[in-house]
Amino acid sequence: VSRSHLQLAAFALGTVGWILCTISMGLVDWRVWHVDNTTVISSGVAWVGIWKVCFISYLHVSPGYKEQFCHKFKAFDSFVPHEIYAAQGLLLIAMILGLVALTATIFALRNIYMGIANKAIARFFLVGGFFFIFSGLCVLIPVSWNFYSVAHNESIAFPPSYHMPSSPVSQEVGAAIPVGIIAVILLLLSGTFSLSYISPAISNTILQ
């Protein structure tokens, strides 16, 4: 038990990181677009996520009321940029890998705190550590790629039915990207902490 404090911290950090990864995937504001045509986009702001694009409009509603319109991206839409498709796939993979890592870590910690000593504990921490790290890398790629797109004010050729301009006046990072960055840090830390349990386990095996 005295050797597993870091692994317990790994479980806690990994759990928070996995939750933040899930939240980041669900948020619509990965990229915040500022547009000059407010005929349809009444607030002049649109939110571009990895699953849909949304904006506030006063069109077709009573005066003084507003409504949020969202257009969901369909599979294989040709106008959707590569970084958005990459984010969809990699974040789903990150969720699965993170869940596997949490399961392996829970099993190893359960054995430790129940006093069940066997060589499988180190193996489960090894599995958990690698899967935490792979999960963090799967989040890092789309977060970095979309941050690059925002920094370079890259455009998206939305179809006319979306009522979105192809290029914004300016754009900024939405809340999903910093949430994803925090998730990456926590997942990589948890993976490192999980792997740190391997050294004493291997040493004991060699001595025997």
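Keep in mind that this is a model prediction, so the values were computed, not measured.
Heavy atoms only, all atoms of each residue included: I50 and A87 are closest at CG2-CB, 3.5 Å. S155 and S166 make their closest contact through CB-O, 2.8 Å (heavy atoms, listed as atom of the first residue, atom of the second, distance). Residue V179 comes nearest to S24 through the heavy atom pair CG1-CB, 4.0 Å, listed as atom of the first residue, atom of the second, then distance. Closest approach of W30 to P142, counting heavy atoms only: CZ3-O, 4.0 Å. When every heavy atom of G14 is checked against every heavy atom of L102, the shortest pair comes out as C-CD2, 3.9 Å. Minimum interatomic distance between P178 and V173 (heavy atoms only, all atoms of both residues): CD-CG1, 3.7 Å.
Between atom CZ of residue F132 and atom CG of residue L186 there is a gap of 10.5 Å, rounded to the nearest 0.5 Å. Rounded to the nearest 0.5 Å, atoms CG (D77) and CD1 (I156) are 11.5 Å apart. One distance of note links CD1 of I41 with CG of D36; it measures 9.5 Å at 0.5 Å rounding. If you take OG on S167 and CG on N153, they are separated by 7.0 Å, rounding to the nearest 0.5 Å. The distance from the CG atom of L188 to the CG atom of L13 is 11.0 Å, given to the nearest 0.5 Å. A distance of 10.0 Å separates CE in M164 from CZ in F79, rounded to the nearest 0.5 Å.
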Between W47 and V53, is a side-chain contact (heavy atoms from CB on, under 4.5 Å) present by the stated rule, with each step listed?
CA-CA 6 Å; W47 301 277; V53 56; over 6 Å; no

In sequence, state the C-alpha distance, the side-chain angles, and the governing distance for E83 and R31, and then conclude on salt bridge (charged side-chain N to carboxylate O under 4.0 Å, His left out).
CA-CA 12 Å; E83 64 268 23; R31 299 157 69 170; 3.1 Å; yes

W51 vs Q88, side-chain contact (heavy atoms from CB on, under 4.5 Å): CA-CA, chis, key distance, verdict:
CA-CA 7 Å; W51 305 106; Q88 292 176 355; 3.6 Å; yes

Report the C-alpha separation of V48 and D29 in whole Å, then their side-chain angles, then the decisive distance to 0.1 Å, and conclude whether the side-chain contact (heavy atoms from CB on, under 4.5 Å) test is met.
CA-CA 6 Å; V48 181; D29 52 342; over 6 Å; no

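Two residues are said to be in side-chain contact when any heavy atoms from C-beta on lie closer than 4.5 Å; I56 and V45 fail this criterion. For the pair I133/L187, no side-chain contact is recorded, criterion being any heavy-atom separation below 4.5 Å from C-beta on. Residues M25 and I23 are not in side-chain contact: their nearest non-hydrogen atoms beyond the backbone lie 4.5 Å or more apart. Looking at heavy atoms from C-beta onward, C70 lies in side-chain contact with K52 at the 4.5 angstrom threshold. Contact check for V32 versus Q171: no side-chain heavy atoms found under the 4.5 Å cut-off. Taking the side chain as every heavy atom from C-beta outward, L97 and C138 approach each other to under 4.5 Å. In this structure the side chain of F124 never reaches within 4.5 angstrom of the side chain of S194, judged on heavy atoms. The shortest distance between side-chain heavy atoms of L91 and C21 falls below 4.5 Å.
Judged as a side chain to side chain donor-acceptor pair (under 3.5 Å), not a single pair has a partner in residues 128-148 (not counting sequence neighbours).
Atom CZ of F147 sits in a sparse spot, with 12 or fewer heavy atoms from other residues, nucleotides or ligands closer than 6.0 Å. The environment of F55 atom CZ is dense: over 12 non-hydrogen atoms of other residues, nucleotides or ligands sit within 6.0 angstrom.
Residues W33 and F158 place their aromatic rings such that the two centres sit under 6.0 Å apart. Between Y85 and F73, the distance from one ring center to the other does not fall under 6.0 angstrom.
Q7 and S196 share a side-chain donor-acceptor pair at under 3.5 Å.
W18 pairs by the ring pair (Phe, Tyr, Trp, His ring centres under 6.0 Å) definition with nothing, not counting sequence neighbours.
A parallel orientation is assigned to the rings of F134 and F130, their planes being inclined by less than 30° (bins at 30° and 60°).
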